[in-house]
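Read the structure below first, then the notes.
Just so you know, ligand 1 is whichever comes first in the structure, and atom 1 is the first atom listed for that ligand.
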Amino acid sequence: MLKDLEKPIEYLKGVGEKRAECYEKLGVKTVYDLLCHYPRSYIDYTSPVPIADAPTNEPCIVKGRVVKKLPEARIRKGLSVYKVIFTDDVTDLVIVIYNSEYMYKQLEVDKEYYLCGRITGNLVRKEINSPVILSADTEDKVQPVYHLTEGLSQQMLRKTVRLALNVFNKNIYEPLPKSIMQRYNFCSLEYALENIHFPKDMHTCELAKNRLVFDELLVLQLGMQLMKSRSREKSGFVLKTQDMDSFYNALPFILTNSQQTAIEDCIRDMQKEQPMNRLVQGDVGSGKTAVAAGAAYFVYENGCQSALMAPTEILAEQHYETLKGFLEPLGVKVALLTGSMTAKQKKLVKEGLENGEYAVAVGTHALVQQTTKFKKLALVITDEQHRFGVGQRAALASKGENPHKLVMSATPIPRTLALMIYGDLDISVLKELPKGRQPVETYAVTGKLRERAFNYVKKYLDEGRQGYIVCPMIDESDMDLQDVKTYAKKLSQGTFKDYTVGLLHGRMSGAQKEQVMNDFKEHKIDLLVSTTVVEVGVDVPNAAIMVIENADRFGLSQLHQLRGRVGRGKYKSSCILITDNVNEESVKRLKILGKTNDGFKISEEDLKLRGPGDFFGSRQHGLPALKIADMSQDMDILRKAQEAAQLIRNADPKLERTENMYLRELVDKLFDKTMSDN
Ligand code: ADP
Ligand code: MG
């Protein structure tokens, strides 16, 4: 990157230490960062509306001239009102300015201005209060509006961005190779930066945006590919065919066709020169763990180790139990490694992994910590991968000598996005659920029916089943936690006083959670009140009823995940979604869950109804946060970026050529940041 652009923001005139701190709150530290602090919207003065047509009480822009300035009116001490008669020669409008003599003085009779604000009043008398006023002869007819923080104003930001652009213009550089720019007909970076901040009109703004979105997605795509190719370079473990019959025979059930195929896919991949890089996608309950077990058994038979990483302790523990059940009868030793184990326990497990005593390790982040060494780690499995950061994935992948990788995900995502998030992963889809699974009957009701819902729960409990009541806890904060605790207490002393009620939430220690989950598994608890920590994969076949409070606060996909906790055994199961939000949209949304059990369909609906925000929030998929691109909106550009990344890397696989120098820098910058964020 060019030196001046890397300078701290204080390099720009008007930015001192204090302001620099304000900028830092916006994530802006350098001149370059400021250039990438793109406007969140624009005020477009190029197409004003006639005053007569302007909507009332909605922001709009009108153009006209000052007819007359009325004298100052002092309402009381410290409050002055200035009124100015304004017209577009068809309709008059009164500009009302409170206290700003400065603004008032600037207005000149007979001169033309644009006004931006909300018009109030009626047909006879229209007013606009403290509008943004712009002289009609100004060049910049589209004005950027930035995200601000205390201590900064739009005016200030516009000025400072201008200065930053000047710095750029003295150091013009162009990260895109010529061939790519020509192929897709993109404008230069110089043009793009100028016009994203100070566009002549909305069309130039669009051109600028397309270019910048492309750059961002291209850099992201290149980064993902480089990370991947780094792991593809070396040969990995080339494993040999094994007799898998003993594994299949020991299973307590017959695999579904998709499970069988997925295991065979893995076995085939792991015999190749290049490491496996496969995604197993399957709805909740489709039996992904058995696929993982199959792959791990194959690795074991080859004399190597596998590691399975889960996003939470509970899930790690559950996987541990499941894998142990599948594998230990076959003589495969499985170890658990989580953050909440004692130092001594961890040490023992780590020793066992290092000397090869354990063939399979299951754990959370603790697994990726540097002190964990494996004797011969040939397979890394991650569950619900979208919850991990890219950095964590890379860290685990660097453990062995380039191990095979298997990713399990219950979140159905469109293929293009899967490609972006997972590089060029191969994908196995578990299409069917194991036989005999009954769909979870799902009902959406309002809070008025809460008591009836609870009675329904009692019916299940009286038949010997168990149930969940899930409460959303948005950020697992203290206040929310208090709510959940109070709620659980109320239930256990009231409606459900004849039953054992347990409580599970994310703030409990791993050991506490485990205790509660175990109690629930062993049916020492009838009804488990829980936050969404139960979402990820806890398996209690006797649980057959779930109530979800404030269901409208969840995404459909998440609700679908949650209800996957019931209907895991032979019992008919139900899920009741309670919402006090009776607005039609939200009820309609919840009803979708009553109609289908297909996770892919549900996530599509989710996307349509709620937009991409939550679904593809960068927290979920572990990608670096995007500044301007929106992966579900900018699909076309995303495809172009994927194609371009391929073209660039075909000619220059490691981005070593001079023409790709800047791209390389941007990739390193983005991914360094990502790694350190995780
Ligand atoms: P998920 O894909 O949601 O992770 P799991 O791997 O937890 O699903 O499997 C859900 C349940 O189904 C487990 O109790 C598991 O033992 C069981 N199961 C998996 N495969 C089969 C099968 N082919 N037939 C019957 N039950 C199965
Ligand atoms: Mg699972």
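- Not a single heavy atom of Gly282 sits less than 4.0 Å from an atom of ligand 1.
- Under 4.0 angstrom from ligand 1, the non-hydrogen atoms of Leu255 all belong to its backbone.
- With atom 3 (O) of ligand 1 as the reference point, the heavy atom nearest to it among Gly569, Gly285, Ala292 is part of Gly285.
- Classified by interplanar angle (parallel below 30°, tilted 30° to 60°, perpendicular above 60°), the ring pair Tyr456/Tyr443 is perpendicular.
- The shortest N or O to N or O distance between Ile254 and ligand 1 is under 3.5 Å.
- Side chains of Glu463 and Tyr571: no donor on one and acceptor on the other come within 3.5 Å.
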Problem - Full working for side chain to side chain contact (heavy atoms under 4.5 Å, CB included) between Ile548 and Tyr468 - result: CA-CA 8 Å; Ile548 304 180; Tyr468 297 97; over 6 Å; no

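- Below 30°, between 30° and 60°, or above 60°: for Phe496 and Tyr499 the angle between ring planes is above 60°, a perpendicular geometry.
- The contact set between ligand 1 and Asp283, taken as ligand atoms under 4.0 Å from a residue heavy atom, comprises 2 (O).
- Distance NE2/His319 to CE/Met408: 4.5 Å, rounded to 0.5 Å.
- Residue-level proximity to ligand 1 for Gln259 is carried by the side chain, the only part with a heavy atom below 4.0 angstrom.
- In this structure, Leu449 places its CG atom where more than 12 heavy-atom neighbours from other residues, nucleotides or ligands lie under 6.0 Å away.
- There is a side-chain donor-acceptor pair under 3.5 Å between Gln260 and Tyr248.
- Shown in contact with Thr256 at under 4.0 Å from a heavy atom are these atoms of ligand 1, numbered in order with element: 23 (N).
- Checked by distance only, ligand 1 and Gly287 come closer than 3.5 Å through their nitrogen or oxygen atoms.
- Against a heavy-atom cut-off of under 4.0 Å, Thr289 is close to the following atoms of ligand 1: 4 (O), 5 (P), 6 (O), 7 (O).
- Contact between Leu430 and ligand 1 is absent, with no heavy atom of the residue lying under 4.0 Å from the ligand.
- Residue pairs meeting the ring-ring contact (aromatic ring centres under 6.0 Å, His included) criterion with at least one member in residues 252-289, sequence neighbours excluded: Phe253-Phe326.
- In Lys435, neither the side chain nor the backbone holds a heavy atom less than 4.0 Å from any atom of ligand 1.
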